[in-house]
**Q** 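To start, I am sharing the structure in question, which I have written as C-alpha coordinates.
When reading the values below, keep in mind they use all heavy atoms of this one structure, side chains included, and skip hydrogens, waters and symmetry mates. Numbering of residues begins at 1 and proceeds along the displayed sequence.
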Amino acid sequence: MLHFPLVRIAAPLCHPSPEECSEDYAWFRARLPDPNLFDGAVGVKVNGAVLLAVPAGGSRRGGYLSLGTVADAVRVWAALRGRSGFPRVRLSLSAHRETCHTVNWGPRQPRDDAERAKHFGYAPSAIDTFLFFHRVFRKGAGWCNSPETDP
(Lines give C-alpha, C1' and ligand atoms only; values in the text may rest on other atoms or scores of the structure.)
Protein backbone atom coordinates (compact mmCIF):
# COMPACT_ATOMS: atom_id res chain seq x y z
CA MET A 1 0.00 0.00 0.00
CA LEU A 2 1.02 3.65 0.10
CA HIS A 3 4.05 4.70 2.08
CA PHE A 4 3.50 7.55 4.55
CA PRO A 5 5.40 10.27 2.59
CA LEU A 6 3.37 9.52 -0.54
CA VAL A 7 0.09 9.91 1.32
CA ARG A 8 1.02 13.51 2.12
CA ILE A 9 1.56 14.46 -1.54
CA ALA A 10 -1.11 12.30 -3.19
CA ALA A 11 -3.93 13.97 -5.08
CA PRO A 12 -7.30 13.47 -3.36
CA LEU A 13 -9.38 10.61 -4.72
CA CYS A 14 -13.17 10.44 -4.86
CA HIS A 15 -15.96 8.31 -6.23
CA PRO A 16 -16.68 10.20 -9.47
CA SER A 17 -20.26 11.02 -10.34
CA PRO A 18 -21.43 10.94 -13.96
CA GLU A 19 -22.47 14.58 -13.58
CA GLU A 20 -19.11 15.69 -12.18
CA CYS A 21 -17.15 13.92 -14.96
CA SER A 22 -19.79 14.01 -17.70
CA GLU A 23 -17.35 14.70 -20.56
CA ASP A 24 -14.98 11.94 -19.45
CA TYR A 25 -17.82 9.46 -18.96
CA ALA A 26 -19.25 10.27 -22.41
CA TRP A 27 -15.82 9.93 -24.04
CA PHE A 28 -15.11 6.55 -22.43
CA ARG A 29 -18.66 5.21 -22.93
CA ALA A 30 -18.30 5.87 -26.67
CA ARG A 31 -15.12 3.77 -26.76
CA LEU A 32 -15.20 1.11 -24.02
CA PRO A 33 -17.50 -1.85 -24.62
CA ASP A 34 -17.26 -3.01 -20.97
CA PRO A 35 -19.44 -0.79 -18.73
CA ASN A 36 -18.24 -2.74 -15.66
CA LEU A 37 -14.92 -0.86 -15.85
CA PHE A 38 -16.70 2.24 -14.55
CA ASP A 39 -17.39 0.43 -11.26
CA GLY A 40 -13.68 0.59 -10.43
CA ALA A 41 -13.09 4.08 -11.82
CA VAL A 42 -11.82 6.74 -9.45
CA GLY A 43 -11.94 10.50 -9.62
CA VAL A 44 -8.65 12.29 -9.09
CA LYS A 45 -8.97 15.89 -7.93
CA VAL A 46 -6.49 18.19 -9.67
CA ASN A 47 -6.76 21.98 -9.43
CA GLY A 48 -10.47 21.90 -8.64
CA ALA A 49 -11.30 19.52 -11.51
CA VAL A 50 -12.05 15.81 -11.23
CA LEU A 51 -10.30 13.59 -13.78
CA LEU A 52 -11.71 10.12 -14.42
CA ALA A 53 -9.17 7.29 -14.06
CA VAL A 54 -10.57 4.08 -15.57
CA PRO A 55 -8.84 0.91 -14.32
CA ALA A 56 -7.42 -1.96 -16.31
CA GLY A 57 -9.59 -5.05 -16.51
CA GLY A 58 -11.07 -7.43 -19.05
CA SER A 59 -9.71 -6.46 -22.46
CA ARG A 60 -8.40 -3.15 -21.08
CA ARG A 61 -4.76 -3.80 -20.19
CA GLY A 62 -3.84 -0.25 -19.19
CA GLY A 63 -4.66 3.43 -19.23
CA TYR A 64 -3.30 6.85 -18.47
CA LEU A 65 -4.11 10.38 -17.37
CA SER A 66 -2.52 13.42 -18.99
CA LEU A 67 -1.49 16.26 -16.65
CA GLY A 68 -0.29 19.81 -17.19
CA THR A 69 2.47 20.02 -14.60
CA VAL A 70 5.11 17.74 -13.13
CA ALA A 71 3.73 18.42 -9.63
CA ASP A 72 0.22 17.31 -10.66
CA ALA A 73 1.64 14.20 -12.35
CA VAL A 74 3.56 13.24 -9.21
CA ARG A 75 0.48 13.80 -7.02
CA VAL A 76 -1.71 11.61 -9.30
CA TRP A 77 1.01 8.93 -9.48
CA ALA A 78 1.16 8.87 -5.67
CA ALA A 79 -2.64 8.63 -5.42
CA LEU A 80 -3.00 5.69 -7.84
CA ARG A 81 -0.06 3.59 -6.64
CA GLY A 82 -1.22 0.40 -4.94
CA ARG A 83 -4.88 0.78 -5.98
CA SER A 84 -6.68 -2.25 -7.36
CA GLY A 85 -7.09 -1.96 -11.15
CA PHE A 86 -4.06 0.30 -11.52
CA PRO A 87 -1.07 -2.06 -11.91
CA ARG A 88 2.46 -0.78 -12.52
CA VAL A 89 1.61 2.91 -12.07
CA ARG A 90 4.43 5.05 -13.44
CA LEU A 91 5.26 8.59 -14.53
CA SER A 92 6.10 9.63 -18.07
CA LEU A 93 7.39 13.18 -18.05
CA SER A 94 7.35 15.33 -21.16
CA ALA A 95 10.35 17.19 -22.48
CA HIS A 96 8.12 20.26 -22.28
CA ARG A 97 7.91 21.45 -18.69
CA GLU A 98 4.26 22.54 -18.59
CA THR A 99 2.46 20.04 -20.80
CA CYS A 100 1.81 16.40 -21.72
CA HIS A 101 3.03 14.66 -18.55
CA THR A 102 1.26 11.33 -18.08
CA VAL A 103 0.59 8.82 -15.35
CA ASN A 104 0.35 5.38 -16.95
CA TRP A 105 -0.77 2.01 -15.60
CA GLY A 106 -0.58 -1.52 -16.92
CA PRO A 107 2.04 -2.89 -19.31
CA ARG A 108 3.82 -0.48 -21.64
CA GLN A 109 1.65 0.67 -24.53
CA PRO A 110 2.35 -0.68 -28.01
CA ARG A 111 3.56 1.92 -30.52
CA ASP A 112 1.23 0.74 -33.28
CA ASP A 113 -2.05 2.73 -33.29
CA ALA A 114 -4.36 -0.29 -33.66
CA GLU A 115 -2.50 -2.33 -31.03
CA ARG A 116 -2.46 0.64 -28.64
CA ALA A 117 -6.22 1.05 -29.02
CA LYS A 118 -6.68 -2.65 -28.18
CA HIS A 119 -4.36 -2.16 -25.18
CA PHE A 120 -6.80 0.49 -23.89
CA GLY A 121 -9.73 -1.90 -24.41
CA TYR A 122 -11.53 0.19 -27.02
CA ALA A 123 -14.38 -1.25 -29.08
CA PRO A 124 -13.57 -2.30 -32.66
CA SER A 125 -15.86 0.45 -34.02
CA ALA A 126 -13.96 3.12 -32.05
CA ILE A 127 -10.65 1.73 -33.29
CA ASP A 128 -11.83 1.72 -36.93
CA THR A 129 -13.10 5.31 -36.66
CA PHE A 130 -9.84 6.51 -35.13
CA LEU A 131 -7.67 4.71 -37.70
CA PHE A 132 -9.69 6.14 -40.58
CA PHE A 133 -9.54 9.67 -39.16
CA HIS A 134 -5.84 9.32 -38.37
CA ARG A 135 -4.98 8.12 -41.91
CA VAL A 136 -6.98 10.86 -43.61
CA PHE A 137 -5.93 13.83 -41.48
CA ARG A 138 -2.50 12.81 -40.19
CA LYS A 139 -0.57 13.90 -43.24
CA GLY A 140 0.50 17.53 -42.94
CA ALA A 141 -1.68 18.28 -39.93
CA GLY A 142 1.30 18.89 -37.64
CA TRP A 143 -0.16 16.91 -34.73
CA CYS A 144 1.87 15.89 -31.74
CA ASN A 145 2.05 12.15 -32.41
CA SER A 146 2.76 11.10 -28.85
CA PRO A 147 2.79 7.35 -28.14
CA GLU A 148 0.48 8.05 -25.18
CA THR A 149 -2.32 9.49 -27.36
CA ASP A 150 -5.56 7.55 -27.09
CA PRO A 151 -7.76 7.04 -30.16
Side-chain angles (χ1 to χ4, degrees), residues 10-70 72-96 98-151:
L13 297 176
C14 65
H15 182 71
S17 70
E19 297 79 29
E20 194 171 30
C21 299
S22 61
E23 287 181 29
D24 287 350
Y25 270 103
W27 194 90
F28 279 111
R29 278 196 182 110
R31 288 162 180 81
L32 293 175
D34 184 359
N36 295 324
L37 288 170
F38 293 105
D39 294 341
V42 295
V44 183
K45 294 183 180 182
V46 177
N47 296 328
V50 178
L51 306 176
L52 186 65
V54 179
S59 65
R60 183 174 169 85
R61 296 188 308 265
Y64 77 94
L65 284 176
S66 183
L67 291 303
T69 68
V70 172
D72 287 341
V74 169
R75 292 178 69 229
V76 170
W77 168 80
L80 293 178
R81 278 183 46 121
R83 289 196 62 84
S84 177
F86 297 90
R88 295 191 59 225
V89 176
R90 62 201 175 279
L91 287 169
S92 180
L93 301 179
S94 170
H96 307 286
E98 296 300 322
T99 186
C100 295
H101 308 292
T102 58
V103 175
N104 304 280
W105 53 91
R108 296 227 178 263
Q109 305 169 23
R111 295 194 64 76
D112 176 75
D113 288 336
E115 290 303 312
R116 189 170 54 248
K118 290 176 188 172
H119 170 85
F120 291 125
Y122 296 147
S125 59
I127 295 170
D128 292 343
T129 300
F130 170 76
L131 292 175
F132 173 77
F133 181 79
H134 207 57
R135 276 193 297 270
V136 170
F137 295 105
R138 183 181 208 173
K139 296 178 178 142
W143 290 356
C144 171
N145 293 317
S146 167
E148 292 87 7
T149 305
D150 268 351

**Q** Just how far is it from atom OG1 of Thr69 to atom CG of Leu93, taken to the nearest 0.5 Å?
**A** 10.5 Å
**Q** Is the Tyr64-Phe120 ring centre distance short of 6.0 angstrom?
**A** yes
**Q** Tell me, do Pro107 and Arg88 make a side-chain contact under 4.5 Å, heavy atoms counted?
**A** yes
**Q** Under the criterion side chain to side chain contact (heavy atoms under 4.5 Å, CB included), I'd like the reasoning laid out for Lys45 against Cys14: C-alpha separation, chi angles, the key distance, then a yes or no.
**A** CA-CA 8 Å; Lys45 294 183 180 182; Cys14 65; 3.9 Å; yes
**Q** If you apply the rule side chain to side chain contact (heavy atoms under 4.5 Å, CB included), what do you find for Val50 with Val44, and how did you get there?
**A** CA-CA 5 Å; Val50 178; Val44 183; over 6 Å; no
**Q** Under a plain distance cut-off of 3.5 Å, with no hydrogens placed, do Ser125 and Asp128 share a side-chain donor-acceptor pair?
**A** no
**Q** Return the CG to CG distance between Asp72 and Leu65, rounded to the nearest 0.5 Å.
**A** 11.0 Å
**Q** Search all heavy atoms of Ala56 against all heavy atoms of Gly62 and return the closest pair with its distance.
**A** CB-N, 4.0 Å
**Q** So which atom in Ala126 and which in Ala30 form the shortest heavy-atom distance, rounded to 0.1 Å?
**A** CB-O, 4.2 Å
**Q** Looking at Cys100 and Ser94, what are the two nearest heavy atoms and their distance?
**A** O-CB, 3.6 Å
**Q** Please find the pair of heavy atoms, one from Arg116 and one from Asp113, that lie closest to each other, and give the distance.
**A** NH2-OD1, 2.6 Å
**Q** Could you state the interatomic distance from CH2 (Trp77) to CG (Leu91), rounded to the nearest 0.5 Å?
**A** 6.5 Å
**Q** Quick check: closest heavy atoms across Arg61 and Pro110, and the distance to 0.1 Å?
**A** NH2-CG, 4.3 Å
**Q** Taking everything shown except Arg108 itself, do over 12 heavy atoms lie less than 6.0 Å from its CZ?
**A** no
**Q** Show me the donor-acceptor pairs within less than 3.5 Å that the side chains of residues 17-26 make with the rest of the protein, sequence neighbours left out.
**A**
from, atom 1, to, atom 2, distance (Å)
Ser17, OG, Glu20, N, 3.0
Asp24, OD2, Leu52, N, 3.1
Tyr25, OH, Pro16, O, 3.3

**Q** Does a side-chain heavy-atom distance below 4.5 Å link Val76 with Val89?
**A** no
**Q** Atom CZ of Arg60 and atom NE2 of His119: how far apart are they, to the nearest 0.5 Å?
**A** 8.0 Å
**Q** Taking all non-hydrogen atoms of both residues into account, name the closest pair between Ala79 and Leu13 and its distance.
**A** O-CD1, 3.6 Å
**Q** Taking the six-membered ring for Trp, are Trp105 and Phe86 parallel (under 30°), tilted (30 to 60°) or perpendicular (over 60°)?
**A** perpendicular
**Q** Hey, mind stepping through Arg90 and Val103 against side chain to side chain contact (heavy atoms under 4.5 Å, CB included) and telling me if it holds?
**A** CA-CA 6 Å; Arg90 62 201 175 279; Val103 175; over 6 Å; no
**Q** Pair Gln109, Asn104 - check side chain to side chain contact (heavy atoms under 4.5 Å, CB included), show working.
**A** CA-CA 9 Å; Gln109 305 169 23; Asn104 304 280; 3.3 Å; yes
**Q** When rounded to the nearest 0.5 angstrom, what distance separates CG in Leu67 from CZ in Arg75?
**A** 9.5 Å
**Q** Mind checking the OG1-CZ spacing from Thr129 to Arg31? Nearest 0.5 Å is all I need.
**A** 8.5 Å
